[in-house]
Engineer: 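Just passing along the structure, written as C-alpha cells.
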Amino acid sequence: MEQPVTMPDNTAPPAPSRAKRRLRRGLAAASLLTAGALALSACGGDASAGGNDGKGQAGADAAAAKDASEAKITVTSKNGATDASINDTGVKVSGGKLTDVKLVQADNGAAVKGAISADGSSWKPSAQLERGTKYKLVANAKDGKNRPATENVTFTTVSSKNSFIGSYTPDGGKTVGVGMPVSFTFDKVISNKKDVQSHITVTSSSGQKVVGHWFGSQRLDFRPEQYWKAGSKVTLKIDLDGVKGGQGITGVQSKTVSFTVGRSQVSTVDMNTQTMTVVRDGKTVKSIPISGGSAKNPTYNGQMVISEKFTQTRMDGSTVGFGGEYDIKDVPHAMRLSSSGTFIHGNYWGSPSIFGRAGTSHGCVGLQDNRGGGGDTPGKWFFENSLIGDVVVVKNSPDKTVKPDNGLNGWNMSWSEWQAGSAA
C-alpha cells in the first residue's frame with residue numbers, strides 16, 4: 001500500500017484538476033445568473049418581461065407616455081403654498097376641456113362653489129377665499145381623444161396676520177356728491193407706501209388729474225385739485241394682491257369698481273347770519289335758517305363733506321367729550337360732517353325762534369324739524385336733497401378750520417400740500 005505523503009504546515013495543497021476547475025466555474029456562473037435574474041425581477045423584469053413584443057417595461061412606459069392626454073391643467077395656487085392669494089385661485093387647461101373641479105376646505109370639507117367657463121378652458125371660485133385657510137383642489141379634464149388628465153393641489157391662503165386689507169369709500173355703483181374723495185383705511189401699518197399707492201389707481205371720465213395723499217401710515221385718500229365734475233364717472237382699480245405693504249404683510253385685494261358723481265351741490269353756512277344757502281349746479285335753490293354752534297362751542301369753519309346719513313340717530317355728548325350735557329336718542333335727519341362728531345341735523349327740541357337768529361348747539365348745524373322726522377320741514381328737505389359726498393362750507397365761525405383728516409375733509413388743504421403727501 002502506498003503511504004500518504006506528509007506535507008509541511010506551510011506548504012500549499014496541490015492544485016485541483018482541470019475538470020474540477022471547469023465544474024466550479026460552471027457552478028459560479030450559474031449562481032451569478034440566478035442572482036442577476038432575481039435582481040432584475042425585483043426591479044420589474046428583464047428585457048423580455050414586459051410582454052411578447054420585446055419592448056419590455058421601458059417600451060411600455062414610452063408607449064403610455066406617447067398615448068397620454070394632451071390636456072395640460074394649470075392651477076394658479078401652487079401645491080404646498082402657504083401664502084396663496086384669496087382672489088386669484090383658478091384653474092386653466094390647454095389642449096382639452098375641464099370636466100369638473102372640486103375645491104374644499106381641508107379641515108372640514110366645506111365645498112367652495114365655482115363655475116367652469118362656457119368653452120371649458122377655465123374655472124374660478126364664485127366667492128373670495130378665506131384668509132389663513134388650507135384648501136384641497138382636484139381638477140379633471142379630457143382632451144380631444146377623450147383621454148383624461150387630473151391635477152391635485154393642496155395650498156394655504158395667506159393669513160390675516162401676514163396680510164393687509166384696505167376698507168374704502170365710496171363703494172362701486174354709488175352716486176355721490178362732487179366733494180366725495182376716495183378714502184382707504186388699512187388694517188395694518190403701511191411702511192411701503194410707494195408700492196401700495198402705485199397699485200391703487202383712480203381715474204375720472206372728466207380727465208381730471210387725481211392724486212393720493214397719506215394721512216399717517218394707515219389712511220390714503222385720493223382727490224382732484226377741484227371738486228369732481230358733475231356727471232363724471234370715477235373708476236377705482238385696486239391691484240394690491242401680492243404687494244408687500246411692510247415687513248411680513250402682503251396685500252390680498254384685487255378689484256375694480258366705479259361710482260358716479262351726481263349733480264353739484266355745495267351749501268354754505270354763514271354763522272354771522274345763521275343761514276345756509278344751497279347752490280345746485282351753480283344756481284341758488286334754497287336759503288335755510290339754521291342754528292349753529294354756540295359761543296362756547298362754536299362750529300368748525302371749512303369745507304366739510306357729508307360722509308354718512310341717518311334718518312334718525314342717537315347723539316350722546318359723552319361720546320365726544322361733553323360728559324352728560326346731552327343725550328338725545330332720536331335726532332332726525334342727521335348727516336355726519338366730521339369724525340369728531342360734527343353733524344348737520346334736524347332739531348325738534350329748540351324753539352322756532354332760534355333758527356336764523358342764534359347759535360345754540362354744541363358745534364353742530366341744526367335745522368328746524370319735527371320729532372320723528374315727519375312733516376314738511378327744512379331738516380327733512382335738506383336730508384332728502386343731499387347726497388353722500390355733498391359739501392357743506394361753514395364760514396365766519398370763531399372756531400378754527402376743521403382738520404383735513406377729521407372726516408373726509410381733505411379739501412381744506414392746498415393742492416401743493418396735498419401733492420406733497422403723495423408717495424407715488
Side-chain angles (χ1 to χ4, degrees), residues 166-186 197 200-213 215 219-238 253 255-269 276-283 285-286 288 300 302-311 313 333-340 342-345 365 367 379-394 402-413 415 418:
S167 301
Y168 61 89
T169 188
D171 205 353
K174 301 295 185 181
T175 297
V176 299
V178 295
M180 188 68 186
V182 173
S183 183
F184 275 82
T185 300
F186 297 102
Q197 184 178 331
I200 302 172
T201 57
V202 183
T203 56
S204 173
S205 63
S206 66
Q208 291 172 278
K209 179 182 178 181
V210 184
V211 175
H213 180 97
F215 293 108
R219 177 174 166 185
L220 172 62
D221 285 13
F222 292 84
R223 71 167 177 89
E225 182 175 3
Q226 304 296 330
Y227 299 145
W228 301 106
K229 300 294 184 183
S232 57
K233 181 179 180 180
V234 180
T235 300
L236 165 63
K237 184 177 181 181
I238 308 167
Q253 290 167 290
K255 192 175 185 180
T256 299
V257 297
S258 295
F259 61 90
T260 301
V261 179
R263 81 288 177 273
S264 171
Q265 181 166 298
V266 179
S267 304
T268 300
V269 175
M276 179 171 67
T277 303
V278 182
V279 177
R280 187 179 300 158
D281 294 327
K283 297 180 179 180
V285 295
K286 204 170 188 68
I288 303 174
Y300 286 127
Q303 305 168 75
M304 289 179 271
V305 174
I306 296 174
S307 59
E308 291 183 288
K309 293 179 66 178
F310 303 94
T311 303
T313 192
H333 300 130
M335 291 170 279
R336 182 182 292 277
L337 298 179
S338 78
S339 54
S340 62
T342 308
F343 280 77
I344 183 165
H345 61 77
V365 177
L367 310 178
K380 182 179 181 180
W381 181 91
F382 189 68
F383 184 87
E384 292 182 344
N385 284 274
S386 295
L387 295 172
I388 299 291
D390 280 350
V391 181
V392 176
V393 181
V394 177
V402 66
K403 291 183 178 180
D405 61 345
N406 186 359
L408 303 177
N409 299 325
W411 302 105
N412 296 289
M413 183 179 288
W415 185 235
W418 185 269

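Side chains are part of it too, since the values below use all heavy atoms of this structure and drop only hydrogens, waters and symmetry mates.
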Engineer: With a 4.5 Å limit on heavy-atom distance, are the side chains of Leu387 and Val176 in contact?
Structural biologist: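 Answer no - side chains too far apart.
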Engineer: If the threshold is 4.0 Å, N to carboxylate O, is there a salt bridge linking Arg219 and Asp221?
Structural biologist: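 The answer is yes: the pair qualifies as a salt bridge.
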Engineer: Quick one: does Asp390's side chain have a donor or acceptor within less than 3.5 Å of a partner on Ile306's backbone?
Structural biologist: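 Absent.
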Engineer: Evaluate the side-chain proximity of Tyr168 to Ile200: yes if any heavy-atom separation is below 4.5 Å, no if none is.
Structural biologist: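 Contact flag for Ile200/Tyr168 side chains = no.
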Engineer: Check whether the side chains of Gln303 and Tyr227 place a donor and an acceptor atom closer than 3.5 Å, and report yes or no.
Structural biologist: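 Checked: Gln303/Tyr227 side chains pair up, N/O donor to acceptor below 3.5 Å.
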Engineer: Would you say the side-chain atoms of Thr185 and Ser167 include a donor-acceptor pair closer than 3.5 Å?
Structural biologist: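 Not at all, the side chains of Thr185 and Ser167 share no donor-acceptor pair under 3.5 Å.
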Engineer: Can you classify the ring geometry of Phe184 versus Phe222 as parallel (below 30°), tilted (30 to 60°) or perpendicular (above 60°)?
Structural biologist: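 It falls in the perpendicular class, over 60°.
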Engineer: Test your reading of the model: is there a side-chain donor-acceptor pair from Gln208 to the backbone of Glu225, 3.5 Å cut-off?
Structural biologist: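 Side chain of Gln208 to backbone of Glu225, a donor-acceptor pair under 3.5 Å: no, none is there.
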Engineer: Just so I know, are the side chains of Met180 and Arg223 near enough to count as touching, which here means a heavy-atom distance under 4.5 Å?
Structural biologist: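 Counting from C-beta outward, Met180 and Arg223 never come under 4.5 Å.
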Engineer: NZ of Lys229: more than 12 outside heavy atoms within 6.0 angstrom?
Structural biologist: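 No, because the 6.0 Å sphere around NZ of Lys229 holds 12 heavy atoms or fewer from other groups.
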Engineer: Is there side-chain contact between Phe343 and Leu337, with at least one heavy-atom pair below 4.5 Å?
Structural biologist: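 In short, these two side chains do not touch, never coming nearer than 4.5 Å.
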Engineer: Does NZ or CZ of Lys233 lie under 6.0 Å from the centre of the six-membered ring of Phe259, at an angle within 45° of the ring axis?
Structural biologist: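 No cation-pi geometry.
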Engineer: Given side chains that start at C-beta, do those of His333 and Leu367 come closer than 4.5 Å, heavy atoms only?
Structural biologist: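 Heavy-atom side-chain distance check fails, nothing below 4.5 Å.
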Engineer: Are any non-hydrogen side-chain atoms of Val279 and Thr268 less than 4.5 angstrom apart?
Structural biologist: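 Not in contact.
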Engineer: Which is it for Asp281 and Ser264 under the side-chain hydrogen bond (donor to acceptor under 3.5 Å, both in side chains) test, yes or no, and what are the steps along the way?
Structural biologist: CA-CA 5 Å; Asp281 294 327; Ser264 171; 4.8 Å; no
Engineer: Aromatic rings Phe215 and Trp418: how do their planes relate, parallel, tilted or perpendicular, breaks at 30° and 60°?
Structural biologist: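 Perpendicular, since the angle between the ring planes exceeds 60°.
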Engineer: Please tell me if the side chains of Val269 and Val392 come closer than 4.5 Å, counting only heavy atoms from C-beta onward.
Structural biologist: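 In short, these two side chains touch, coming nearer than 4.5 Å.
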